[in-house]
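Notes follow once the structure below has been shown.
Numbers here simply count residues along the sequence, with the first being 1.
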Amino acid sequence: MRFKSPLSPLWRAAALLLGALLLSACSTSVRRAPVEDRMSPRTAALPPASAASEADIKALPGAENAGKPGYYTVRPGDTMIRIGLETGQNWRDIQRWNNLENPNLIEVGQVLRVQPPNVDAAAVGPRPVTSAKIEPRALDAKPGAAASAPAVPPPAASASPAAAPVAAPPSAPVTRDDDEPSWAWPAAGSVISPYDEARNKGVAIAGKAGDPVLAAADGRVVYAGSGLRGYGNLVIVKHNATYLTAYAHNQALLVKEDQPVKRGQKIAEMGSTDAERVQLHFEIRRLGKPVDPARLLPPR
């Protein structure tokens, strides 16, 4: 006779319940707790990126003057020193004309006045550099007299089939402005890199470390320092309302801002700061635009 325990039905029921629970756990996929997407009130209130950019641009100081003559729109990488060089102005004047408390706090897209408030900027513009017109006249003709026929008849044509070479006429002198300074070379070395409108906004003059760098004309120092990338130790001299000159890569600066200088005065010593070799990088800017110094400096 087989003995049955009175607890066996309870154990059986418990086993069945446990099995059911295990099967339910295995068949149910694991779910992560829901993550709430929270946005700050400031972020939620922002308009689309394009609209925000347009609003920021409109809010920048002087934006209403963008594109007008006598105004400059700040570009990436600009500093007040560079803006002064690009516009032919003393950067401190630009700071004063725009009531800037801190000249280091300027924003891309900000529009700055770069002409004096009492100047009609529309009337100020670069005039083309033209060559003087040369009129042929006889060697013995007096000034103002009409040109006459040459006294010596032209030579007979040569029987040789090859024509004689014709010498090129000398370059016509450049017409000077009424306010153009009397220029002099800023260093004694030879030009090792000529002016190139696209790649080189001035000329590079050879020399050795410590050679004198001279003011190219009378003027006043508007910058002396190393705050303009690519120029090293730099001196900028403003000569009048039209012209300024820049002297870069010096090893030592011998003048200070707002100091008057005379043509031929030693203002720096040649060096190689921010350059691969000792040299003087020299620029002449007319209303902020670079011009070829070789066209203005005297021949030598």
Subject >> CD on Gln115 to CG on Asp93, rounded to 0.5 Å >> reply: 11.0 Å

**OP:** State yes or no: do Leu228 and Met80 share one hydrophobic cluster built from I, L, V, M, F, W and Y residues joined by side-chain heavy-atom distances below 4.5 Å, directly or via other members?
**Re:** yes

Original post:
Ignoring hydrogens and geometry, is there a side-chain-to-backbone donor-acceptor pair from Trp91 to Arg82 under 3.5 Å?
Top reply: no

Original post:
Passes side-chain contact (heavy atoms from CB on, under 4.5 Å), Leu112 versus Val74? Steps please.
Top reply: CA-CA 7 Å; Leu112 300 174; Val74 178; 3.9 Å; yes

Original post:
When hydrophobic residues are tied together by side-chain contacts of less than 4.5 Å, even through go-betweens, does Val221 share a cluster with Ile81?
Top reply: no

Original post:
Any idea which heavy atoms bring Leu244 and His239 closest together, and the distance?
Top reply: CA-CD2, 3.8 Å

Original post:
Looking at CE of Met270 and CD1 of Ile205, how far apart are the two atoms once the value is rounded to the nearest 0.5 Å?
Top reply: 6.5 Å

Original post:
Are Asn250 and Glu269 close enough, and set up right, to give a side-chain contact (heavy atoms from CB on, under 4.5 Å), and what steps lead you there?
Top reply: CA-CA 6 Å; Asn250 304 288; Glu269 293 179 354; 6.0 Å; no

Original post:
With a 3.5 Å cut-off and no angle check, do the side chains of His281 and Gln279 form a donor-acceptor pair?
Top reply: no

**OP:** Supply the atom-to-atom distance Leu85 CG to Arg285 CZ, rounded to the nearest 0.5 angstrom.
**Re:** 4.0 Å

Original post:
Taking all non-hydrogen atoms of both residues, which atom of Gln110 and which atom of Pro61 are closest, and how far apart?
Top reply: CG-O, 3.6 Å

Subject >> Distance-minimising heavy-atom pair for Thr73 and Asp78 >> reply: O-OD2, 4.3 Å

Subject >> Heavy atoms from other residues, nucleotides or ligands near CZ of Arg199 exceed 12 (cutoff 6.0 Å) >> reply: no

**OP:** Let me see the working for Phe282 and Val191 under side-chain contact (heavy atoms from CB on, under 4.5 Å), right down to the final yes or no.
**Re:** CA-CA 10 Å; Phe282 174 69; Val191 173; over 6 Å; no

Subject >> Under 3.5 Å donor-acceptor, Lys238 side chain and Gly88 backbone >> reply: yes

Original post:
Does Asn200 use its side chain to pair, donor to acceptor, with the backbone of Asp196 at less than 3.5 Å?
Top reply: no

**OP:** Treating Ile, Leu, Val, Met, Phe, Trp and Tyr as nodes and any side-chain heavy-atom pair under 4.5 angstrom as an edge, say whether Ile236 and Ile94 lie in one connected cluster.
**Re:** yes

**OP:** With Ile106 as reference, evaluate Ile83, Thr79, Asn98 under the side chain to side chain contact (heavy atoms under 4.5 Å, CB included) test and give the passing residue.
**Re:** Ile83

Original post:
Are any of the side-chain heavy atoms of Arg113 and Asn65 separated by less than 4.5 Å?
Top reply: no

Original post:
How long is the gap from CH2 on Trp183 to OH on Tyr243, to the nearest 0.5 Å?
Top reply: 6.5 Å

**OP:** State whether the side chain of Gln95 and the backbone N or O of Leu100 hold a donor-acceptor pair below 3.5 Å, judged by distance alone.
**Re:** yes

Subject >> Point-to-point distance, once rounded to the nearest 0.5 Å, from OG1 of Thr242 to CG of Leu287 >> reply: 5.0 Å

Original post:
Which pair of non-hydrogen atoms, one from Ala184 and one from Leu297, has the smallest distance, and what is that distance?
Top reply: O-CD2, 3.5 Å

Original post:
Is there a donor-acceptor contact under 3.5 Å from the side chain of His249 to the main chain of Thr273?
Top reply: yes

Subject >> In one Ile/Leu/Val/Met/Phe/Trp/Tyr side-chain cluster, 4.5 Å: Val235, Val261 >> reply: yes

**OP:** Carefully, step by step, assess Val114 and Glu86 under the rule side-chain contact (heavy atoms from CB on, under 4.5 Å).
**Re:** CA-CA 10 Å; Val114 292; Glu86 295 290 338; over 6 Å; no

Subject >> Heavy atoms of other groups near Arg229 CZ, more than 12 under 6.0 Å >> reply: no

Original post:
Do the side chains of Ile284 and Val203 join up, straight or via other hydrophobic residues, at under 4.5 Å, putting them in one cluster?
Top reply: yes

Original post:
Side chains of Tyr72 and Gln89: do they bring a donor and an acceptor to under 3.5 Å?
Top reply: no

**OP:** Kindly say whether Val237 contributes a backbone atom to a donor-acceptor pair with the side chain of Tyr247 at under 3.5 angstrom?
**Re:** no

Subject >> Validation row: Glu180, Leu296 side chains within 4.5 angstrom (heavy atoms) >> reply: yes

Original post:
Would you say the side-chain atoms of Asn233 pair up with the backbone N or O of Ser226, donor to acceptor, closer than 3.5 Å?
Top reply: no

**OP:** Determine the minimum heavy-atom distance between Pro290 and Tyr195, stating which atoms define it.
**Re:** O-OH, 3.3 Å

Original post:
Atom CG in Leu214, atom NZ in Lys266: separation rounded to 0.5 Å?
Top reply: 8.5 Å

Original post:
So which heavy atom on Glu257 is nearest to which on Ala224, and how close?
Top reply: CG-N, 3.7 Å

